[in-house]
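See structure below.
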Amino acid sequence: MCLAIPSKIVELRGPGLAVADTLGTTRLVSLDLLEEPPSVGDYVIIHVGYAIQRLDPKDALETMDLFLDLLGTDDDA
Amino acid sequence: MTPRGDTASFLNALRDPKRAKRLLGAIKELTAEPVAIMEVCGGHTRTIVRYGLEQLLPKEISFLHGPGCPVCVTPRERVDMAVALAQKRGLVLATLGDMLRVPGSSGSLLQARASGCDIRVVYSPLDVLALAKQNPKKTVVFFAIGFETTAPTTAALLERCLMEGIQNVKVLVNHVLVAPAIEALLKEDGSRIDAFIAPGHVCTITGTAPFEPLASSYQKPFVVSGFEPWDILLGLHNLLGMIANKETGVKIAYTRAVLPQGNPKALSFIERFFDVRESFRWRGLGNIPKSALRLKHEFSAFDAEKAYAGVFSSDSKPDPEACLCGEVLKGNAKPSECGLFGQACTPQDPVGACMVSSEGACGIYFRYKGRVPA
């Protein structure tokens, strides 16, 4: 039920609907639960066909590697 | 880059053995005393087992699998209610696929469908809207299950029905709340749980608020985690840090998807359509006060429980005694400790709900056997 793969909005279809791409599979999703409507190109988390949050994979990746740098563990460990 | 490329490289990083090893090294440094950590959500259990994380971690760390599988905790009498509804003429019962095989007192929805009942598998409440439009002369009843993540989607469906004037949709509401179930576990005598990996997507909706009072009353650390191997290890690293510092409270490791305040719009949908039941029976956990939602009185027109009150019987059979689902859901038993596991109970022919769902601990152990610690 909890599909955690980020999906990309590829087309907006009013009212409150969009087409989202999850690893190459596209499907119609509802935007009714999002505070602000996303734009084409934004990433969202989808739960049973509803976008429940926007997210930024690029930003998340940077946070992840920053955290590893702070840990100071060796790359080859 | 194509969208596929973007997402795939992101997922690769979250599943990257090199990055995981560096985090594992830091986890080992933080590990001192034996610690029992409950991952509440079935999605977490699946990641832990699928990637064999428990075998990679210091032996002091053990996971207790929690009750966060919505299919698993929906009790037999609610399945019986759905079967009774499906047997009504002129009615279409819409359900998520996982509920089809859950055994009821007199068979599952799958068996009801084989005997001619009109039962449709939907992927989303959005499909219910389409079904209602395609079948204007029939009533479409949605068998709604799930935690706080799913409740707002059911509410959004009803909002659309109101906006579009669709009158042939009703809902059998079985939405449950995570925090009261966790509290029930913490209140059990001899609870062994030291810390919690809190459910990622429930907290996407609710934020940390439902877990704050538990953390402070029971003096436990909670860390909200995502669903990839990196996310679980990061959550664990945060928890071990909190344990070492004797900290309690709720922290968010899944920052890409969870804000402390959650998703206010989704919460307002829950608030508008539902109120909290006095009590609800969970499979395995029994009756838990204020642990589930029902439709507010003003939305009774949508409420299948009220509209069809006459068709429900009150003589549901108890779960088979040999089935350990209840103990598995409380984290007291591993699936492999059940005498039925993999023999009398398999995903094809399940005895208990925990074997049915892709988020049920028994189904996960069955699917990934060989990756489960001996």
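Since we're looking at a predicted model, the values are computed, not measured. Lettering of chains follows the sequences in order, A, B, ..., and the numbering in each one begins at 1.
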Exercise. For atom CZ of B/Arg15, is the number of surrounding heavy atoms from other residues, nucleotides or ligands below 6.0 Å larger than 12?
Worked result: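 Yes, because the 6.0 Å sphere around CZ of B/Arg15 holds more than 12 heavy atoms from other groups.
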Exercise. Is B/Glu164 atom CD crowded by more than 12 heavy atoms from other residues, nucleotides or ligands, each under 6.0 Å away?
Worked result: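 Enclosed: over 12 neighbouring heavy atoms sit under 6.0 Å from CD of B/Glu164.
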Interchain contact, [X] with chain A, by part (heavy-atom threshold 4.5 Å):
X        : value
B/Leu129 : neither
B/Leu14  : both
B/Leu126 : both

Problem set entry | Leading residue by heavy atom contact count with chain A [cutoff under 4.5 Å; candidates B/Asp127, B/Leu234, B/Leu267] |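 Answer, by heavy-atom pair count under 4.5 Å with chain A: B/Leu234.
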Exercise. Which one, B/Ala13, B/Gly200, B/Pro125, leads in non-hydrogen pairs under 4.5 Å with chain A?
Worked result: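 Greatest number of close heavy-atom pairs with chain A: B/Pro125.
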Exercise. In terms of heavy-atom pairs under 4.5 Å, which option from A/Ser30, A/Pro6, A/Ala60, A/Pro15 contacts chain B the most?
Worked result: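 Sorted descending by pairs with chain B, the first entry is A/Pro6.
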Exercise. What pair of heavy atoms forms the shortest contact from A/Ile45 to B/Tyr254, and how long is it?
Worked result: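 So the minimum-distance heavy-atom pair works out to CD1-OH, 3.8 Å.
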For this session: Test side chain to side chain contact (heavy atoms under 4.5 Å, CB included) on A/Leu34 and B/Lys265 and set out the steps.
Result: CA-CA 7 Å; A/Leu34 290 182; B/Lys265 189 168 180 197; 6.0 Å; no
Exercise. Counting N and O atoms only, with roles assigned by atom type, does the side chain of B/Asn263 sit under 3.5 Å from a partner on the main chain of A/Ile52, one being a donor and the other an acceptor?
Worked result: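 Looks like yes, one N/O pair under 3.5 Å.
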For this session: Quick one: pull up CZ in B/Arg22 and CG in A/Asp69 and give me the separation to the nearest 0.5 Å.
Result: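 Interatomic distance, B/Arg22 CZ to A/Asp69 CG, rounded to 0.5 Å: 6.5 Å.
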For this session: Quick one: pull up CG in B/Leu259 and CD in A/Glu35 and give me the separation to the nearest 0.5 Å.
Result: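 Reported to 0.5 Å precision, the distance equals 9.5 Å.
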Given heavy-atom pairs under 4.5 angstrom as the criterion, report whether the side chain, backbone, both or neither of [X] touches chain B.
X       : result
A/Val44 : neither
A/Leu28 : backbone
A/Asp65 : side chain

Exercise. Are B/Arg160 and A/Asp32 close enough, and set up right, to give a salt bridge (charged side-chain N to carboxylate O under 4.0 Å, His left out), and what steps lead you there?
Worked result: CA-CA 9 Å; B/Arg160 281 279 157 198; A/Asp32 285 349; 2.8 Å; yes
Problem set entry | Evaluation steps, side chain to side chain contact (heavy atoms under 4.5 Å, CB included), between A/Val48 and B/Val122 | CA-CA 9 Å; A/Val48 297; B/Val122 292; over 6 Å; no
Decide yes or no for [X] and [Y]: does some side-chain heavy atom of the first lie under 4.5 Å from some side-chain heavy atom of the second?
X        : Y        : answer
A/His47  : B/Thr149 : yes
B/Thr7   : A/Pro57  : no
B/Tyr123 : A/Arg27  : yes
A/Leu68  : B/Trp230 : yes
B/Arg256 : A/Thr63  : no
A/Tyr50  : B/Ser124 : yes

Problem set entry | Aromatic ring proximity A/Phe67/B/His237, centre distance under 6.0 Å |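 Between A/Phe67 and B/His237, the centre distance is under 6.0 Å.
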